[in-house]
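All ligand and atom numbering here is 1-based and tracks the order in the structure.
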Amino acid sequence: MTETASEMAIEQVRRLVADAWGLDVQIENLVGFADSNFRLTADDGGQYVLKLSPPGTSLEWLQCQNSATLHLTTSPLAALVPRVVPTRGGEVLLRLDEESEHPRWARLMTYLEGTPLAKVTKRPPLLLEEIGRTLAQLDFALADFDHPGAHRECFWDLTTTPNNAHFATYIDDPSRRALVEAHLQRFATRVTPRLSELECAVIHNDGNDYNLLVSAPDGGDPHLTGVIDFGDILHTAVVAEIAISCAYLIVDRDEWWDDAMHLIRGYDSVRPLTRLERDLLPDLIIGRICASLMFSSYGRHSNPDNAYLQISEAPMWRQLERMAMDDHSRLAPAVDTACRRAPNRSIDQILSIRERHVGRNLSVSYSEPLKIVRGESQYLIDDQGRRFLDLVNNVCHVGHCHPHVVAAGQRQMAELNTNTRYLHDNLADYALKLTVTFPDPLSVCFFVCTGTEANDLALRLARTHSGTREIIVLEHAYHGHSPSLIEIGTYKCEGPGGEGLAEHAHAAPLPDPYRGPHRGGDAGARYGNEVRAMVAELSAAGRPPGAFMAESLIGCGGQVIPPDGFMPAAFQAVRAAGGVCIADEVQVGFGRAGSHFWAFEALDVVPDIVTLGKPIGNGHPMAAVVTTPEIAASFVTGMEYFNTFGGNPVSCAIGLAVLEVIESEGLQEHARVLGEQFLDGFREMAPRHRLIGDVRGLGLFLGVELVRDHDTLEPADTEASAAIDAMRNRGFLLSTDGPLHNVLKIKPPMVLTAEDVAAVLENVDEVLDEIEARR
Ligand SMILES: Cc1ncc(COP(=O)(O)O)c(C=O)c1O
């Protein structure tokens, strides 16, 4: 690590650059830690940095640095990071010393204007916040970047600082050594045990004041012009990024405390720090100061001539000593304040604020409500740091806060968000990528923001095309919360506060082959006949249906999988009367059904209109309607359809990222496999539990119906609710559904694992044992 870079004569550098890059340059030596760096000015004024690695440098690590900077060239930070300049032969890494077993490598980067922050004493709060924000943006931009070269053991991995404790022996002064050792001990007991809870990703890992460039045009306030030197890039805890910058930037500053808070505030405003990250930040900052001091003490022993290694050693000691004098308990709350956090309200406080200031017709899950502060893959984490397996969120489809989706949204948000009256590639890309997932003739999209909007628009399309508002829906259906949908969905309009079905809406029996009037092998055909009879009756009355609307797999009705033959029969009857068929895939689309990307495909039908929502944006509010060219043409009446937010560049970037993740992580097939594991597991345990009446599902859309009596099917609603409470106490978030509130519903983020499924099965088994023993 301390090997000094081999010098290369200026003349040799000139020749190398002329041969490989075809540039005639003026050369100036720059200080560097491991690399030899030269600043080059070409004849045309172009400025570059030539970096020569010391012999034996890991090629993989250099490739990692290059790939990261390349990755950032398509991010909003492109102008702030150096760009790799390939040779005339297109190489981004040029091997020197062809003969040597330990070759050196040359890289040419663009030169960024600016003065190292280390040379600038004027550091106004706005500059520090800008630095914090930029580091957070860098972390966002790198969130979907990875490279094997970033996964390495490294002295500068802040999370492993205590592993370097033996370097403390190089600290000559016993009291200073004791100070460092005491902190390492504290780090090992307070930080190390919680490391596995921290989000990890590739980070720059060295935002010190020599790697941050600033400029103050016309003597005005300085601003950030560059973040350089990706030589410490590493896959580690993301919070290390801001901790490291803080450690270096506060050294020798009178206002060190305020400076740190400005940096942290800026960072948090872009990438909100978690409770745990905020708690650990003071120890991480001190940890880096200790690491730096150990390293410079070691450097002084092993390499007394390298001045760079000793930069800022004395002020660092002063900083450590004054921080050691400050009570740790004062630092964490200051970090909280810097992050402008409310003082971590209790559940009761939040409930009371909601009661006064938020419309009350919104229920809260669980008898003991949860305050969830963070989501990660298939987990939700509460304010106590408890981790729950999320088994009901079909919105965060590819996992909570999936880094690829978050980064896509972040990137586009930093670039442009506007309405669809301007042309943008994202809308075109998304329309193309979304429509190829549909069978013909479904090929025309409308982009909206919620499932309700999608279904409301579907109704308008159907009405315009068929010329009538008459519609057949299924009993217990829920399609959205607008008046047009409340009045056709009995789940709401026949429940508390409802006003009953609208005159134009007609509810066919829920095709429930377990509890409904038609059971057994021909249930599908018999439920189909019910729709056929309804169509005939309406037609005879001169009111033929213009539409049939149903969820492909039925959620609010109790996780019902329509029996074979039902949908084809219903579609056929409605179409014969001139109506169109609308499949509501708001809950069940995007591969959840496992066997197919769209659930209707598993039912052997092709709808005329399909509505999409929830999973489409992994939590970002977006939705869509996909229909046929013919129906879309009928809707061209002269009245414009404009949607302020629908299809905006940010939503489309996010939608594209979701499709990419479903594909790249093979989530549809994964849902099929896990769905079978669930069904097999529940069916295996069913004979042991009187309460289990029915087990059903397709892919990761499942229901377990609980009954008190297998003949009367008396619904076990209180038992179902006791089961979800007990599961919650065991760390599993489930909920109930169905008109009788007795169906355990499972529709988790699709990144659930086979181990998770096994754990759910085992715990449900035990919980049902407990409940059955009590009865
Ligand atoms: C089947 C179905 N359709 C439509 C909607 C309405 O979607 P949103 O809440 O996004 O308006 C929902 C929401 O729960 C739903 O489950």
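In this structure, Thr435 and Leu442 have side chains that are not in contact, with every pair of non-hydrogen atoms separated by 4.5 Å or more. Within the 4.5 Å cutoff, no side-chain heavy atoms of Pro545 are placed close to those of Met534.
Taking a cut-off of under 4.0 Å to the non-hydrogen atoms of Thr450, the atoms of ligand 1 that pass are 10 (O), 11 (O). Distances below 4.0 Å separate heavy atoms of Asp584 from the following atoms of ligand 1: 1 (C), 2 (C), 3 (N), 4 (C). Taking every heavy atom of Glu551 and a limit of under 4.0 angstrom, the matching atoms of ligand 1 come to 1 (C). Under a 4.0 Å criterion applied to the non-hydrogen atoms of Asn455, ligand 1 contributes the atoms 3 (N), 4 (C). Of all atoms in ligand 1, listed by their number and element, those nearer than 4.0 Å to a heavy atom of His481 are 11 (O).
Aromatic ring pairs are classed by plane angle as parallel below 30°, tilted from 30° to 60° and perpendicular above 60°; the pair Phe446 and Tyr641 is perpendicular.
With salt bridges taken as basic N to acidic carboxylate O contacts below 4.0 Å, none links Arg469 and Glu503. Under the 4.0 Å criterion applied to side-chain N and carboxylate O atoms, Arg519 and Asp512 are not assigned as salt-bridge partners.
Counting protein heavy atoms only, atom 4 (C) of ligand 1 is closest to His479 O, 3.2 Å. At the shortest separation from atom 12 (C) of ligand 1 among protein heavy atoms lies Tyr478 CE2, 3.6 Å.
Contacts with ligand 1 closer than 4.0 Å are made by heavy atoms of both the backbone and the side chain of Thr452.
Aromatic ring centroids of Tyr430 and Phe447 lie under 6.0 Å apart.
Among Ala454, Gly451, Gly489, Pro621, the residue whose heavy atom lies closest to atom 7 (O) of ligand 1 is Gly451. Evaluated by nearest non-hydrogen atom to atom 14 (O) of ligand 1, the leading choice among Lys614, Met622, Gln587 is Lys614.
Residue contacts with ligand 1: Glu453 is excluded, as none of its non-hydrogen atoms falls under 4.0 Å.
Remark: Arg360 CZ is loosely packed, at most 12 non-hydrogen atoms of other residues, nucleotides or ligands lying under 6.0 Å away.
Between the CG atom in Leu656 and the CD atom in Gln412 there is a gap of 10.0 Å [rounded to 0.5 Å].
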